Amino acid sequence: MLNNRQALINFRAEWQKAYEAEKTKILICAGTGCIAGGAYEVYDRIKEVLDENGIPCSVELQKEAPENVVGLKQCGCHGFCEMGVLVRIEPQGYLYTKVKVQDCEEIIKETIIGGKHIERLAYQKGGTVYKEQEEIPFYIKQSRVVLEHCGHIDANCIKDYLATGGYTALEKALFDMDADTIVSEISESGLRGRGGGGFPAGRKWSQVKRQAEPQKYIVCNGDEGDPGAFMDRSIMEGDPHRMLEGMLIAGIACGSSVGYIYVRAEYPIAVSRLRKAIEQATEFGLLGDNILGTDFSFKIHINRGAGAFVCGEGSAMTASIEGKRGMPRVKPPRTVEQGLFGKPTVLNNVETFANVPMIITRGSDWFKNIGTEKSSGTKAFALTGNIQNTGLIEVPMGATLRDIIFDIGGGMPEGTGFKAVQIGGPSGGCLTTEHMDMPLDFDSLKKVGAMIGSGGLVVMDDKTCMVEVARFFMNFTQHESCGKCVPCREGTKRMLEILERIVNGEGQEGDMEMLLELADVITATSLCGLGKTAANPVVSTIGRFKDEYEAHIFEKRCPTGNCQKLKSIFIDPELCKGCTKCAKVCPVDAISGKVKEPFVIDGSKCIKCEACIPACPFNAIKEG
């Protein structure tokens with residue numbers, strides 16, 4: 001138990017020394033993606049091979065470790081998810097990709113014992129072999145600030161966090177700053193909420209701080225409901241103590257003694273590591289009563305959500321924590337005045353809290369020098385979709401789509417071209433080639449009808465149907481509507497019905513106009529942010545891909561050939577030999593004809609299952 005400042009300083013120095021004593025470290029990515037690819041099995045096998053070769057191995061930081069000890073660590077997400085399982089070797093900085101259990105013996109014998117680099121396990125592109133992680137194009141244009149520890153320290157061990165400067169910001173906030181100074185520093189930094197709206201964090205903290213109510217709450221939003229988004233999950237899994245430290249500092253600044261983390265139950269690894277981090281911090285006196293011998297006490301509770309997208313909205317989230325149905329309420333009063341249990345509440349997301357410790361230790365000027373004038377710092381994005389390099393990235397605010405998609409993401413898969421990127425999840429909008437050099441920050445995106453949201457980037461190639469994209473997001477939003485207000489409950493249902501008709505070949509003249517009219521009403525009159533932004537994907541796709549909507553509605557044709565009901569399958573009589581193979585595989589008897597004569601497809605029966613296409617040995621069946 002650390003009961004004063006000097007005890008923490010001494011304790012941190014001891015573990016820094018132990019950390020530095022591990023001259024060789026094997027860092028195995030234990031993020032969700034790599035675990036699914038076999039990271040735990042790779043970890044176990046590496047441990048076995050080290051033992052077999054008599055190499056001392058430390059699976060947890062030790063003060064009195066042998067001189068040649070190898071630190072074997074399960075760390076957070078390295079980010080390059082496309083290449084998992086990822087294994088980093090320090091001090092060389094080697095990054096081995098797509099590591100399998102059968103590669104472990106070679107890694108130990110060649111690299112750990114022999115000091116050699118294994119070329120076949122390195123990332124390679126265009127004939128170039130990239131030995132070190134920092135040389136790989138995926139990482140060069142990134143600025144890993146919030147994610148700096150992910151992939152570099154043991155995600156399960158508070159000692160590693162302390163050894164790399166952890167809880168220095170808490171120490172400074174407790175002993176060298178008062179509440180006003182902390183709030184001022186956060187305000188001066190320009191930190192804006194990373195959960196979607198981009199509201200200035202310092203302003204929110206100051207509003208809660210000035211409330212006269214003695215009981216206040218700090219709530220961390222780890223719900224992250226956007227399809228394809230996993231930034232907050234990766235922080236919780238890979239560097240949970242940084243987020244906890246940010247919440248503690250918010251508690252000091254606002255006069256709160258209780259914090260809640262609302263995390264979706266579909267994140268079991270994040271929940272497990274958060275629980276362990278809270279236990280460790282409590283054990284060492286960094287959480288609980290009279291922290292470091294001061295009169296400041298703070299406790300953190302975890303609430304698991306059931307995966308309702310609407311619970312990402314502040315008042316719905318606090319209602320869910322209270323045990324009620326997660327539904328937004330009318331404002332005012334706002335959450336900063338009457339939030340959780342009717343008390344003043346600071347509500348920020350995981351990434352926002354994870355930025356706080358660095359701002360306190362390095363200063364607001366340091367943070368302001370990253371990013372743009374009105375959007376300071378960096379932003380983590382989940383890069384997914386039709387792109388060569390998918391994964392978790394972090395770039396300065398103001399980075400362009402060109403930087404992200406073509407430099408970091410490696411561009412489009414061979415044979416395809418860039419078409420659009422959906423940013424901000426169901427609440428965001430589509431950006432196209434005309435936005436390729438636009439800075440990605442809160443204000444620039446708002447001007448073009450999009451938003452950063454929590455940070456999902458879904459890249460689409462030229463084979464993607466944008467009408468189907470709009471239908472997909474509207475289907476998601478409609479199902480996630482809590483149903484409390486009529487505009488969202490009924491309006492999104494009507495929009496979805498129209499979009500479904502269009503992709504089924506039943507579009508009518510006036511459908512686009514009706515979609516836009518409904519969008520205006522829903523946006524203007526919905527109760528919460530989910531409803532107010534629900535129409536964004538539809539509005540942005542109509543605005544930028546109107547020709548695709550027109551083709552679906554008036555020509556009954558999907559230009560990309562994706563919409564099943566709009567496909568036309570026919571048999572070329574010049575190529576058909578009447579072998580009957582197509583008719584034999586058709587599940588609805590839509591193909592008929594005489595043996596050794598051209599067969600025909602009855603369009604009224606055909607369900608476009610395409611079973612006949614590969615069955616034809618003469619390539620006579622075509623799509624049009």
Side-chain angles (χ1 to χ4, degrees), residues 31-33 77-83 137-144 146-147 150 194-198 224-235 312 349-351 371-372 375 377-413 416-442 444-446 448-462 464 466 469-470 472-473 476 533 536-537 540-541 544:
T32 295
C77 181
H78 289 75
F80 208 178
C81 303
E82 184 81 7
M83 292 291 145
F138 178 80
Y139 292 101
I140 287 176
K141 284 203 171 182
Q142 292 194 49
S143 297
R144 290 173 76 86
V146 169
L147 301 175
C150 291
R194 290 333 195 221
E224 195 171 46
D226 289 3
F230 52 92
M231 301 74 55
D232 289 347
R233 185 196 74 199
S234 297
I235 295 170
N349 83 323
V350 172
E351 189 179 348
T372 65
S375 297
T378 61
K379 181 72 188 79
F381 290 99
L383 187 58
T384 60
N386 301 320
I387 191 166
Q388 290 199 38
N389 301 331
T390 59
L392 178 70
I393 69 170
E394 184 179 358
V395 294
M397 283 284 194
T400 66
L401 279 179
R402 192 179 304 279
D403 294 332
I404 293 172
I405 293 172
F406 291 97
D407 293 336
I408 297 172
M412 312 305 292
T416 65
F418 172 76
K419 188 171 188 177
V421 58
Q422 176 75 14
I423 184 169
S427 302
C430 281
L431 302 180
T432 62
T433 51
E434 67 178 290
H435 306 108
M436 198 60 72
D437 296 305
M438 183 189 76
L440 296 184
D441 58 55
F442 293 108
S444 298
L445 285 170
K446 188 175 182 180
V448 296
M451 62 188 295
I452 285 181
S454 59
L457 280 174
V458 182
V459 181
M460 293 165 276
D461 61 19
D462 51 14
T464 305
M466 301 312 295
V469 167
F472 169 82
F473 282 111
F476 176 87
T533 58
N536 282 355
S540 65
T541 52
R544 295 180 180 123

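Side chains are part of it too, since the values below use all heavy atoms of this structure and drop only hydrogens, waters and symmetry mates. Predicted model, so just to flag it, every value in this text is computed and none were measured.
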Student: Under the side chain to side chain contact (heavy atoms under 4.5 Å, CB included) rule, collect the residues that match up with S427, sequence neighbours excluded.
Tutor: F309, M451, T533
Student: Give, for atom CG of N536 and atom CD of Q422, the distance between the pair rounded to the nearest 0.5 Å.
Tutor: 8.5 Å
Student: From S234 OG over to E394 CD, what is the distance, rounded to the nearest 0.5 angstrom?
Tutor: 11.5 Å
Student: Counting C-beta onward and ignoring hydrogens, is there a side-chain heavy-atom pair between I423 and F381 closer than 4.5 Å?
Tutor: yes
Student: S540 side chain to C430 main-chain N or O, any donor-acceptor pair under 3.5 Å?
Tutor: yes
Student: Run the numbers on I387 and F418 for side-chain contact (heavy atoms from CB on, under 4.5 Å), then give the verdict.
Tutor: CA-CA 9 Å; I387 191 166; F418 172 76; over 6 Å; no
Student: Shortest non-hydrogen contact from C150 to C77?
Tutor: CB-O, 3.4 Å
Student: Among I404, T464, L383, which one satisfies side-chain contact (heavy atoms from CB on, under 4.5 Å) with V459?
Tutor: L383
Student: Can you see which heavy atom on T541 is nearest to which on P537, and at what distance?
Tutor: OG1-O, 2.8 Å
Student: With side chains defined as the heavy atoms from C-beta onward, is the minimum distance between L440 and L431 less than 4.5 Å?
Tutor: yes
Student: Do E82 side-chain atoms and G391 backbone N/O form a donor-acceptor pair below 3.5 Å?
Tutor: no
Student: Given K419 and M412, is the side-chain contact (heavy atoms from CB on, under 4.5 Å) satisfied, shown in steps?
Tutor: CA-CA 10 Å; K419 188 171 188 177; M412 312 305 292; over 6 Å; no
Student: To the nearest 0.5 Å, what is the distance between CG (D462) and CG (N386)?
Tutor: 9.0 Å
Student: Quick one: CZ on R402 to OG1 on T400, what's the gap to the nearest 0.5 Å?
Tutor: 7.0 Å
Student: Where do T390 and T384 come nearest, in terms of heavy atoms and distance?
Tutor: CG2-CA, 4.1 Å
Student: Among residues at least two apart in sequence or on other chains, which ones pass side chain to side chain contact (heavy atoms under 4.5 Å, CB included) with N349?
Tutor: R194, N221, D232, E351, T352
Student: With heavy-atom distances below 4.5 Å as the criterion, would you say the side chains of V448 and R544 are in contact?
Tutor: yes
Student: If I compare all heavy atoms of M397 with all of D441, which pair ends up nearest, and what's the gap?
Tutor: SD-CA, 4.3 Å
Student: State, with a plain yes or no, whether a side-chain heavy atom of V469 is found less than 4.5 Å away from one of M460.
Tutor: yes
Student: Name all residues meeting the side chain to side chain contact (heavy atoms under 4.5 Å, CB included) criterion together with K141; count only those two or more places apart in sequence or in a different chain, and write none if there are none.
Tutor: D403, D407, I408
Student: Less than 4.5 Å apart, any side-chain heavy atom of T372 and any of F442?
Tutor: no
Student: If every non-hydrogen atom of A382 is compared with every non-hydrogen atom of F230, which pair is closest and at what distance?
Tutor: CB-CE2, 3.5 Å
Student: Checking the side chain of T416 only, and the main-chain atoms of P413 only, is there a donor and an acceptor separated by less than 3.5 Å?
Tutor: yes
Student: Assess whether side-chain contact (heavy atoms from CB on, under 4.5 Å) is satisfied between I393 and F138, documenting all intermediate values.
Tutor: CA-CA 8 Å; I393 69 170; F138 178 80; 3.6 Å; yes
Student: Evaluate side-chain contact (heavy atoms from CB on, under 4.5 Å) for M231 paired with V146, printing each intermediate quantity in order.
Tutor: CA-CA 10 Å; M231 301 74 55; V146 169; over 6 Å; no
Student: What are the two closest heavy atoms between A380 and L147, and how far apart are they?
Tutor: CB-CD1, 4.4 Å
